[in-house]
Amino acid sequence: MRIFQEKTNALVAIPKHSKLENHLDVLFEKYPQGFPVISNQKFNDYLKEICELAKFNQKHQWVKLVGKQKVTESDFRYNLITSHTGRRTFCTIALKKGIDSELIMKVTGHKNYEQFRAYVKVDDEDLETAFSEKF
């Protein structure tokens with residue numbers, strides 16, 4: 001599947017996963033002229049609805065600095081998920097699965113490694129797994 005990314009002004013090729021093949025075929029039959037275009041804001045609204053229906057209702061808590069004061073905030077995960085969350089998650093999971101960063105960057109449209117690196121989250125569990133497998 002090829003899409004044009006307006007932000008980067010680039011044509012990006014995205015490989016289709018075999019598990020999605022039938023679903024995509026149905027969508028392409030329904031929309032032979034191309035998918036309807038909606039705004040990012042509306043897309044994210046729909047995504048939050050889907051995640052709430054899927055019961056992504058765990059509370060998530062984080063600390064942020066307001067001036068010199070630490071403030072704890074919390075919300076349900078379904079309210080925090082956006083298309084950008086999906087992009088970051090894809091980058092992190094693909095890298096953990098051993099897909100070369102150059103290939104991931106080609107699919108996501110990242111132009112350089114510094115941009116890509118900001119998308120990948122590494123936690124203590126990742127470090128433990130990586131080093132226990134190597135030694």
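Numbers here are sequence positions counted from 1. Everything numeric here is computed off the predicted structure, so don't read it as measured data.
Enclosure of atom CZ in Phe4 by more than 12 non-hydrogen atoms of other residues, nucleotides or ligands within 6.0 angstrom is indicated. Within 6.0 Å of CZ in Arg117 there are 12 or fewer heavy atoms belonging to other residues, nucleotides or ligands. At most 12 non-hydrogen atoms from other residues, nucleotides or ligands lie less than 6.0 angstrom from CD of Gln41.
A donor-acceptor contact shorter than 3.5 Å links the side chain of Arg88 to the backbone of Ala118. Asn44 places a side-chain N or O within donor-acceptor distance of the main-chain N or O of Ser83, the cut-off being under 3.5 Å. Put simply, the side chain of Lys48 gets close to the backbone of Asn79: a donor and an acceptor are under 3.5 Å apart.
Phe43 and Ile50 fall into different hydrophobic clusters, where Ile, Leu, Val, Met, Phe, Trp and Tyr residues are linked whenever their side-chain heavy atoms come under 4.5 Å apart, directly or through other members. In the hydrophobic clustering of this structure, Val12 groups with Phe116; members are Ile, Leu, Val, Met, Phe, Trp, Tyr whose side-chain heavy atoms approach within less than 4.5 Å, directly or through other members. A continuous path of hydrophobic side-chain contacts links Phe90 to Ile99 [ILVMFWY only; heavy atoms under 4.5 Å].
One distance of note links CD1 of Ile14 with CZ of Arg2; it measures 10.5 Å at 0.5 Å rounding. One distance of note links CD1 of Ile104 with SG of Cys91; it measures 6.5 Å at 0.5 Å rounding. Atoms NZ and CZ, on Lys59 and Phe76 in that order, are 4.5 Å from each other to the nearest 0.5 Å. In this structure, CD on Gln61 lies 10.0 Å from CD on Glu73, to the nearest 0.5 angstrom. Distance check, rounded to the nearest 0.5 Å: CD of Glu49 to OH of Tyr78 gives 11.5 Å. Rounding to the nearest 0.5 Å places CG of Asn57 at 10.5 Å from CZ of Arg77.
Identified under the side chain to side chain donor-acceptor pair (under 3.5 Å) test for residues 10-32, with sequence neighbours left out: Lys16-Glu21.
Summarising the geometry of Ile81 relative to Phe56, their closest heavy-atom pair is CD1-CD2, 3.3 Å, with the distance given to 0.1 Å. Considering every non-hydrogen atom in both Ala13 and Val107, the closest pair reads O-CG2, 3.9 Å. Nearest approach of Met105 to Tyr113, heavy atoms of both residues: CE-N, 3.6 Å.
When the salt bridge (Lys or Arg N to Asp or Glu O under 4.0 Å) test is applied to Lys97, no partner is found at least two apart in sequence or on another chain.
Between Leu80 and His60 the shortest side-chain heavy-atom distance falls below 4.5 Å.
Side-chain polar atoms of His84 and Thr82 form no donor-acceptor pair below 3.5 angstrom.
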Trace of the side chain to side chain contact (heavy atoms under 4.5 Å, CB included) decision for His110 with Arg87:
CA-CA 11 Å; His110 287 102; Arg87 188 172 193 230; 3.6 Å; yes
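Taking the six-membered ring where tryptophan is involved, the planes of Phe28 and Phe35 are essentially parallel, since the angle between them stays under 30° and well short of 60°.
Taking a 4.5 Å side-chain heavy-atom cut-off between Ile, Leu, Val, Met, Phe, Trp and Tyr, the cluster of Val66 extends to Val71.
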